[in-house]
Amino acid sequence: MRGGAAPRDLGVVDTAQRDSPVHQTKRGVVELLTAGDAALITMVAAAGIDEKALREIFVKFLDERSKAAGAQALSVEQKDGLLINLRTRRKATARTDAFRSRRYHMRRPRGVAADRSAGTAPTRRAFIAGGIATGAMLSLPGSGRADDAPKRGGILEYAVDAEPPTYDCHASVTFAVLHPIAPHYSTLLQFDAANYPEVKGDLAESWTVSADKRTYVFKLHPNVLFHDGSPLTSADVKASYERIVRPPPGVVSARQVNYAAIETIETPDPLTVVFHLQWPEAAMLQNFASEWNSIYSAARLREDPQFPSKHVLGSGPFVFVEHIKGDHWAGKRFDHYFRAGRPYLDGFRADFVTGAKVIQGIEAGRIMAEFRFITPKERDELESKLGEGVKIYESPTLLSLLLVFNAKRPTFGDVRVRQALSLAIDRWGGAEALSQDTVLKFVGGLMRPGSNMATPEADLVKLPGFARDIAASRVEAKRLLQEAGAAGMTVRLTNRDLPQPWIPGGDYVAEAWRAIGLKVDHQKLDLKEWTKNIGAGDFDAAIDFEGDYFDDPTLQLAKWVSPDLSPVNFSGSSDRFLDALFTGQAVSTDLRKRLQIVREFERRALTEAYTVPILWYNRIVPTAAYVRGWDMTPSQYIGQDLADVWLDR
């Protein structure tokens, strides 16, 4: 999904390709899978489709994931350092529940581990599941949508614990770019943070989608200006998306794979943009809402395709003022912003500070928010010292710690061994124990706990490794190991040397295996060595992670797709049944059918147990009590343009 180098262009299909037998085979597979439900997908995998055809269609879906293994190897470091970035101060963790609320109505989503006050309803805090838990309804504090009229004025000062390595959002995968830079730009659509994962218009005033989900027509707001006074038109949208889909030489498009379905982009008039897709893409509308997809000036891109990496010229709510390296980033209100009355703030200042300085700044009243996350101990300190002067938001986030077994080694190629080692882990006990000091908090399957595709707890506990009766599970684990001739063996567990949450997560797994009579060599390596070992398959079992910017199976399930199609599958396991299911869900635009396929994928993946989740992360965000108009989501990447934020003082 992400790459450190510009991926090759698979987005254009010329006439010769379109008429070729290979392309006809691709279309035939897409049409067959699109028409089918889980039963048809099973039939396709079990009896019908040639592996070459499956591979070809995956090339279309996965683009650089299918071919650019080198680029994906870089993305491991990028995603680890930028999604988690625990090298600086992150000891982070979780307790659950969420933010103070004057009034709310919600229940804990099915499939989510209970709060540490298990069996009681949340009182001072309320649990938030990113707005997508079935039946969950809430009134969000600080949103400013209920009783209070927003106030204009003031400077929002907040912490960012890393500095942007580039100004180009298209090329980046780090929160350190979005948190200071997103306020300067507009996107075609954007996620509605208060109603995540719904999307709403940003530059797009309206849009239509064809019945076959292959044509998207966007009508733009009129009279939109860039910060230099030049008009923003459909030509700028086209130039920006062409740069994402088919980047010119030397330009990195980190999410090119997500837009491989885009065949052509038309601009019939200055306020209309038309995207034609080669196949229906289930997550396409959400992809158009990505906060990474800043709309740049076509004129500036013609002059210099690298212009956005060195300069900031957007049409967003705030004009760039300055970047003082090592200190801060600043913006001021754009008086000609196209959304009437926005922004409310006079400006913002993002301070590049980490660790204790963040907490000290919040306690002193200078820093008003840390929009990524803080640790439980830091949260408790803020609540103790500031009381009602601080609001604490918490949510399951789009990150999970994984356990990967090396299927290329005979012992771990045996499903009995893999199942036994997964069965030995007390995930429910771990959620309670580890959440006191680490970011690990929630028990879940392959999709984020609380999301609309997460497996309910009643079904999850029936899957290998997720039962609540750990004593019975460990008895079964010992039996399987004995049967496989692996009782008492030594397992080399390869891990990162990050204090949070990798080492405590790995220690917890190692103790679980010792409890069933195994010996464990828990190796804690620096990033370079870990990347080298896991990429080369030099491990028995390894700690890994999964994470992305919104809840979607095509993003979340890539680690279980066969490695010739998805280089981020470090287990080395090939499973054409999972490949077919993955393809089926990716092209299915029927939510019910897609959910059936995802559940079938999850059942098989967790039963085969090549890669299994340990626990999911929690996100804790503090803001000053007077910061309003900001809404919590499971993602640290969305809702950061600050257009609706205001200060109630």
Side-chain angles (χ1 to χ4, degrees), residues 1 9-13 18 26-27 30-31 33-35 57 60-63 169-170 185-192 195-222 224 232-247 253-296 298 315 338 548-555 583 585-591 593-594 638:
M1 290 175 287
D9 180 7
L10 293 177
V12 179
V13 181
R18 189 175 288 111
K26 294 174 186 176
R27 268 197 200 287
V30 169
E31 290 167 3
L33 293 175
T34 303
I57 193 62
K60 302 289 288 179
F61 284 120
L62 304 179
D63 202 356
C169 293
H170 296 178
Y185 286 103
S186 302
T187 52
L188 193 54
L189 301 177
Q190 60 182 203
F191 282 95
D192 185 349
N195 298 289
Y196 174 89
E198 293 181 15
V199 300
K200 61 182 181 180
D202 192 16
L203 288 173
E205 188 173 45
S206 64
W207 61 92
T208 58
V209 183
S210 64
D212 65 0
K213 302 296 193 295
R214 291 178 55 195
T215 301
Y216 290 73
V217 180
F218 296 94
K219 296 291 185 179
L220 306 182
H221 282 279
V224 179
L232 186 154
T233 71
S234 57
D236 301 296
V237 176
K238 177 177 179 177
S240 298
Y241 269 89
E242 289 287 1
R243 189 175 187 268
I244 292 167
V245 179
R246 291 171 275 275
S253 175
R255 283 154 295 278
Q256 183 184 16
V257 60
N258 295 353
Y259 303 91
I262 296 175
E263 186 169 19
T264 61
I265 305 173
E266 298 174 353
T267 55
D269 62 63
L271 296 180
T272 305
V273 186
V274 182
F275 292 84
H276 295 286
L277 308 189
Q278 301 179 68
W279 61 79
E281 179 69 57
M284 201 67 224
L285 204 61
Q286 288 81 5
N287 284 335
F288 283 127
S290 171
E291 200 151 353
W292 299 105
N293 294 359
S294 301
I295 300 304
Y296 298 142
S315 60
F338 67 93
D548 234 294
Y549 70 94
F550 80 102
D551 293 281
D552 186 76
T554 304
L555 300 179
T583 305
Q585 67 77 29
V587 301
S588 177
T589 55
D590 183 305
L591 182 59
K593 291 180 179 179
R594 196 180 190 208
I638 63 178

Sequence neighbours excluded - salt bridge (charged side-chain N to carboxylate O under 4.0 Å, His left out) pairs with any residue from residues 234-244:
Asp168-Arg243, Glu242-Arg246

Not counting sequence neighbours, which residues clear side chain to side chain contact (heavy atoms under 4.5 Å, CB included) with Ser290? List them please.
Tyr259, Trp292, Asn293, Tyr549

Under the side-chain hydrogen bond (donor to acceptor under 3.5 Å, both in side chains) test, residues paired with Asp590 that sit two or more places apart
none

How close do Ser588 and Lys593 get, heavy atom to heavy atom, and via which atoms?
OG-CB, 3.8 Å

Which heavy-atom pair separates His221 from Asp202 by the least distance, and what is that distance?
CD2-O, 3.1 Å

Intermediate values then yes/no, side-chain contact (heavy atoms from CB on, under 4.5 Å), Asp192 and Val199
CA-CA 5 Å; Asp192 185 349; Val199 300; over 6 Å; no

For a 4.5 angstrom cut-off between non-hydrogen side-chain atoms, does Ile262 reach Met284?
yes

Sorted by chain and residue number, the side chain to side chain contact (heavy atoms under 4.5 Å, CB included) partners of Pro222 (sequence neighbours excluded) come out as Glu205, Leu271

Taking Arg214 for the side chain and Leu277 for the main chain, is one N or O donor matched with an acceptor at less than 3.5 Å?
yes

Please enumerate all residues that pass side-chain hydrogen bond (donor to acceptor under 3.5 Å, both in side chains) together with Glu291, with sequence neighbours excluded.
none

Pairwise side-chain contact, Thr267 with Thr233, heavy-atom cut-off 4.5 Å (strictly under):
no

Can you find a pair of side-chain heavy atoms, one from Trp207 and one from Leu189, that are under 4.5 Å apart?
yes

Residue set satisfying side chain to side chain contact (heavy atoms under 4.5 Å, CB included) with Ala283, at least two apart, ordered chain then number -> Gln286, Asn287, Phe550, Asp552

Residues in side-chain hydrogen bond (donor to acceptor under 3.5 Å, both in side chains) with Thr272, at least two apart?
Lys219, Asp269

When you measure from the side chain of Ser210 to the backbone of Thr215, do you find a donor-acceptor pair of N or O atoms at a distance under 3.5 Å?
yes

Residues in side chain to side chain contact (heavy atoms under 4.5 Å, CB included) with Ser315, at least two apart?
Ser186, Leu203, Val224, Phe226, Leu232

Straight-line distance of Asp551 CG to Tyr196 OH, nearest 0.5 Å
3.5 Å

Contacts of Phe275 meeting ring-ring contact (aromatic ring centres under 6.0 Å, His included) (sequence neighbours excluded), chain-then-number -> Phe218, Tyr241, Phe288

Please identify each residue that fulfils side-chain hydrogen bond (donor to acceptor under 3.5 Å, both in side chains) with Glu266, with sequence neighbours left out.
His276

May I ask you to decide if the ring planes of Tyr296 and His170 are parallel, tilted or perpendicular, using 30° and 60° as cut-offs?
tilted

Are Pro280 and Asp212 side-chain neighbours, meaning at least one heavy-atom pair lies under 4.5 Å?
no

